[in-house]
Q: 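Structure in structure tokens, see below.
Small disclaimer: the values here were computed from a predicted structure and weren't measured.
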Amino acid sequence: MHIGIIGFGHFGQFLAQRFLRAGHQVSCWSKDPEEVVAMQMGATFYHDVADLCDAGCDVVILSMSIVSFAQVVQGLPLQKLHGALVVDVLSVKAYPKEFLRRVLPGACDILCTHPMFGPDSGKESWEGLTFMYEKVRIRNIGVCDAFLGFFAEEGCSMMEMTCEKHDVYAASSQFVTHTTGRMLGKLDLKETPINTKGYEQLLNLVTNTTNDSFDLYYGLYSYNPTAREQLARLEDALREVKNSLFERAKVGRSTTLIGIQGGSGSFNHAAALELIEKYALPHPDIQFLITSESVLAALNNGDIDFGVFAIENSASGTVLPSIYSMSKYPHEIIEVHDMPLVQCLLTRPGQDPHTAKKIVTHPQAILQCAETIAREFPNLTWDYLSDDYDTAACASQLGAGLLPDDTVVIASKIAAEKYGLTIAYEGLNDDRDNFTSFVFCKRRGA
Ligand code: NAP
């Protein structure tokens, strides 16, 4: 047979070598001039694809990338292919089948194929490797049989199947294989002196899939509608596997671990206590993780079962660090819990707030209480320690005698109880209806 190959890349060259070895004549064309490679293997390279189409090939194989396929075929002088068997080898099938039927002249036969192997997996023998095909439009049975016969003689397992059915199977086999190989490739896995057979297979998978062009992988994704579904399923599957590990680690632990944004005695703490009661969480063990980022990271790592953090206050607005952290870690919101906030001015026992000089608290609390402080306690200026010190942490510092004598704090009622402080003024917030929205969440899929 005289075989023309359009798209003389990785795969086109691989096929050409086998055809030449079996004594067939090969003519080829590709965008990049691969003249030397062609010459070395004994094929004829055409610089103008029109000349190749005019060369009287019995079979013309379309072996360009999936993404360039339509553009390349439309640019061919298709009338010159009159009487030839046009074969595509694209790794997706319904798309070229529909396209070739539409654009090829009626005098061309069409065979859609997918050799389910490549230069790496088919480097040695093709014995037992699957060759899928659909005879889309065949009049010259002799040429078609001769072409298919070549693969059968090489030992391929010949599989006649519709292109549509191929794509459904390929999304769950080929696309999943390529995605897994590329994903493992990102791990930069190395040979070890104690490789298992399974590990060696993984290393081979990485090599086989990452040696293929990204165009090929992208083609598998974008021209097979089922691939998107498989990608989503892969993500879910990893999450499920992770969750099953975390669930297993919980066996034998009777406590429910709740990670919260604030410290002990914070409003987050108060919100967590309300949520624990509402959802009747058994044996709650509250972990004071201070920031919403730490809460979400701990949830994602399986270190806690539930998370609580503030996202908005009616007076001071959005809690931006929480919003940014939410965009970083997957989680599932169980409830956005609104809780009225009653800010209190807390002093050490016996301390007079009217003679104190400074309030130390979190900036969010100052934003909520500025007017009332100016009116009721004009003697007080405010200061804050750092973002790590929420209202409860400031109260704890005051209770422990770690702040100067002329200092008071703004914090919750439960902080007063916790750190042995006196409530000098209850309801310091300017807005009577001051409330904060807290996210109560769990791991996604848990
Ligand atoms: P690929 O990246 O899918 O395709 C590379 C080929 O496409 C090269 O010949 C390249 O030409 C050509 N090409 C890309 N963009 C082009 C453009 N704009 N105009 C003209 N030609 C263009 O890699 P491949 O592995 O060689 O695969 C070729 C075909 O075989 C694909 O359809 C693939 O799905 C199918 N296939 C591959 C394997 C495999 O294991 N690799 C197995 C079965 C089927 P230049 O080199 O001149 O840029």
Q: Whether the N140 and D109 side chains hold a donor-acceptor pair (N or O, under 3.5 Å, no angle test) is what I'd like checked.
A: no

Q: Quick check against the 3.5 Å criterion: does T318 have a side-chain atom that pairs as donor or acceptor with the backbone of L320?
A: no

Q: Under the 3.5 angstrom rule, does the side chain of N195 hit a backbone N or O of T192 as a donor-acceptor pair?
A: yes

Q: Going by ring-ring contact (aromatic ring centres under 6.0 Å, His included), name the residues that satisfy it together with H283, two or more places apart in sequence or in a different chain.
A: none

Q: Determine whether more than 12 heavy atoms belonging to other residues, nucleotides or ligands lie under 6.0 Å from atom CZ of R432.
A: yes

Q: Could you list the residues that satisfy salt bridge (Lys or Arg N to Asp or Glu O under 4.0 Å) with K278, not counting sequence neighbours?
A: E335

Q: Is it true that atom CE of M41 has more than 12 heavy atoms of other residues, nucleotides or ligands lying nearer than 6.0 Å?
A: yes

Q: Is it true that, when you exclude E277 itself, more than 12 heavy atoms of the residues, nucleotides or ligands shown sit nearer than 6.0 Å to its CD?
A: no

Q: Does R443 pair with E332 as a salt bridge, N-O distance under 4.0 Å?
A: no

Q: Test of understanding: with side-chain hydrogen bond (donor to acceptor under 3.5 Å, both in side chains), list the residues that count as partners of E154, not counting sequence neighbours.
A: R18

Q: Within this structure, what is the CG-OG distance for the pair L129 and S157, rounded to the nearest 0.5 Å?
A: 9.0 Å

Q: Could you tell me whether the side chain of S412 and the main chain of G265 form a donor-acceptor pair under 3.5 Å?
A: yes

Q: Would you say that V89 contacts L15 through its side chain, given a criterion of any heavy-atom pair below 4.5 Å between the two side chains?
A: yes

Q: Can you sort out the partners of A297 under side chain to side chain contact (heavy atoms under 4.5 Å, CB included), two or more places apart, ordered by chain and number?
A: Y329

Q: Assert yes or no for the condition that the ring centre distance of H269 to F267 is strictly below 6.0 Å.
A: no

Q: Please check: side-chain N/O of D305 versus main-chain N/O of T256, any donor-acceptor pairing under 3.5 Å?
A: no

Q: Quick one: does Q13's side chain have a donor or acceptor within less than 3.5 Å of a partner on F8's backbone?
A: yes

Q: In terms of heavy-atom contacts, does NZ of K418 have more than 12 from other residues, nucleotides or ligands at under 6.0 Å?
A: no

Q: State which residues pass salt bridge (Lys or Arg N to Asp or Glu O under 4.0 Å) with E98; sequence neighbours excluded, sorted by chain then number.
A: R102

Q: Does a side-chain heavy-atom distance below 4.5 Å link I258 with L281?
A: yes

Q: How would you list, by chain and number, every residue that makes a ring-ring contact (aromatic ring centres under 6.0 Å, His included) with H24, sequence neighbours excluded?
A: F150

Q: Taking only Lys NZ, Arg NE, NH1 and NH2, and the carboxylate oxygens of Asp or Glu, determine whether R233 and D236 approach each other closer than 4.0 Å.
A: no

Q: Take atom OH of Y199 as the centre, draw a 6.0 Å sphere, and report whether it contains more than 12 heavy atoms from other residues, nucleotides or ligands.
A: yes

Q: Under 6.0 Å between ring centres: does that hold for F440 and Y279?
A: yes

Q: Is the shortest distance from a Lys or Arg side-chain nitrogen in K165 or E134 to a carboxylate oxygen in the other one below 4.0 Å?
A: no

Q: Holding to side-chain hydrogen bond (donor to acceptor under 3.5 Å, both in side chains), I want the full list of residues that pass it with R182, two or more places apart in sequence or in another chain.
A: none

Q: Please name all residues satisfying salt bridge (Lys or Arg N to Asp or Glu O under 4.0 Å) with E247, sequence neighbours left out, ordered by chain then number.
A: K250

Q: For I410, is there any backbone N or O sitting under 3.5 Å from a side-chain donor or acceptor partner on T361?
A: yes

Q: Please determine, by modelled atom types, if S294 and T291 share a side-chain donor-acceptor pair under 3.5 angstrom.
A: yes

Q: How would you list, by chain and number, every residue that makes a ring-ring contact (aromatic ring centres under 6.0 Å, His included) with F175, sequence neighbours excluded?
A: Y217

Q: Could I get the full list of ring-ring contact (aromatic ring centres under 6.0 Å, His included) partners for Y46, not counting sequence neighbours?
A: none

Q: Give the minimum heavy-atom separation between K135 and C144, together with the two atoms involved.
A: CE-SG, 4.0 Å

Q: Quick one: do the N224 and T226 side chains pair a donor with an acceptor below 3.5 Å?
A: yes

Q: Donor-acceptor pair, S314 side chain versus F435 backbone, under 3.5 Å?
A: yes

Q: Looking at side-chain heavy atoms only, is the closest gap between I5 and I3 below 4.5 Å?
A: yes

Q: What verdict does the side-chain contact (heavy atoms from CB on, under 4.5 Å) test give for E35 and H47, after you've listed the backbone C-alpha separation in whole Å, the side-chain angles of each residue and the deciding distance to 0.1 Å?
A: CA-CA 8 Å; E35 202 165 9; H47 285 275; 3.0 Å; yes

Q: For residues 79-94, pull every pair meeting salt bridge (charged side-chain N to carboxylate O under 4.0 Å, His left out), keeping only residues two or more places apart or in separate chains.
A: D54-K80, D88-K93

Q: Going through the distances and angles, do I110 and K97 end up as a side-chain contact (heavy atoms from CB on, under 4.5 Å)?
A: CA-CA 8 Å; I110 305 171; K97 173 182 168 181; over 6 Å; no

Q: Test your reading of the model: is there a side-chain donor-acceptor pair from H362 to the backbone of Q364, 3.5 Å cut-off?
A: yes

Q: Among side-chain atoms of S325 and S322, is any donor-acceptor pair under 3.5 angstrom?
A: no

Q: Would a distance-only check, ignoring hydrogens and angles, find a side-chain to backbone donor-acceptor pair under 3.5 Å from S68 to M64?
A: no

Q: Could you check whether atom CZ of F246 has more than 12 heavy atoms from other residues, nucleotides or ligands sitting under 6.0 Å from it?
A: yes

Q: Is there a side-chain contact between L76 and I6 in this structure, where contact means two heavy atoms from C-beta onward sitting under 4.5 Å apart?
A: yes

Q: Do D303 and Q287 make a side-chain contact, defined as non-hydrogen atoms from C-beta onward lying under 4.5 Å apart?
A: no

Q: Using distance alone, with no hydrogens and no angle criterion, decide if H337 and S437 have a side-chain donor and acceptor under 3.5 Å apart.
A: no

Q: Using only heavy-atom distances, determine whether the side chains of Q368 and N434 contain a donor-acceptor pair under 3.5 Å.
A: yes

Q: Do the ring planes of F147 and F19 sit parallel (below 30°), tilted (30 to 60°) or perpendicular (above 60°)?
A: tilted

Q: Do K442 and H331 have side chains that approach each other closer than 4.5 Å (heavy atoms only, starting at C-beta)?
A: no

Q: For D188, check salt bridge (Lys or Arg N to Asp or Glu O under 4.0 Å) against everything at least two apart and list the hits.
A: K190

Q: Is S316 reaching over with its side chain to a backbone N or O of N313, donor-acceptor style, under 3.5 angstrom?
A: no

Q: If you draw the axis of the six-membered ring of Y221, does the NZ or CZ of R228 fall within 45° of it and under 6.0 Å from the ring centre?
A: yes

Q: Would you please indicate yes or no on a ring centroid separation below 6.0 angstrom for W126 and F117?
A: yes

Q: Considering only heavy atoms from C-beta outward, does the side chain of L111 approach that of V136 to under 4.5 Å?
A: no

Q: Could you walk me through whether V73 and L78 pass the side-chain contact (heavy atoms from CB on, under 4.5 Å) test, one step at a time?
A: CA-CA 8 Å; V73 174; L78 296 173; 4.2 Å; yes

Q: Take V342 and K413 through the test side-chain contact (heavy atoms from CB on, under 4.5 Å) and record every step on the way to the result.
A: CA-CA 8 Å; V342 181; K413 236 168 145 175; 5.9 Å; no

Q: Taking the ring of F69 and the ring of F99, is the distance between their centroids below 6.0 Å?
A: yes

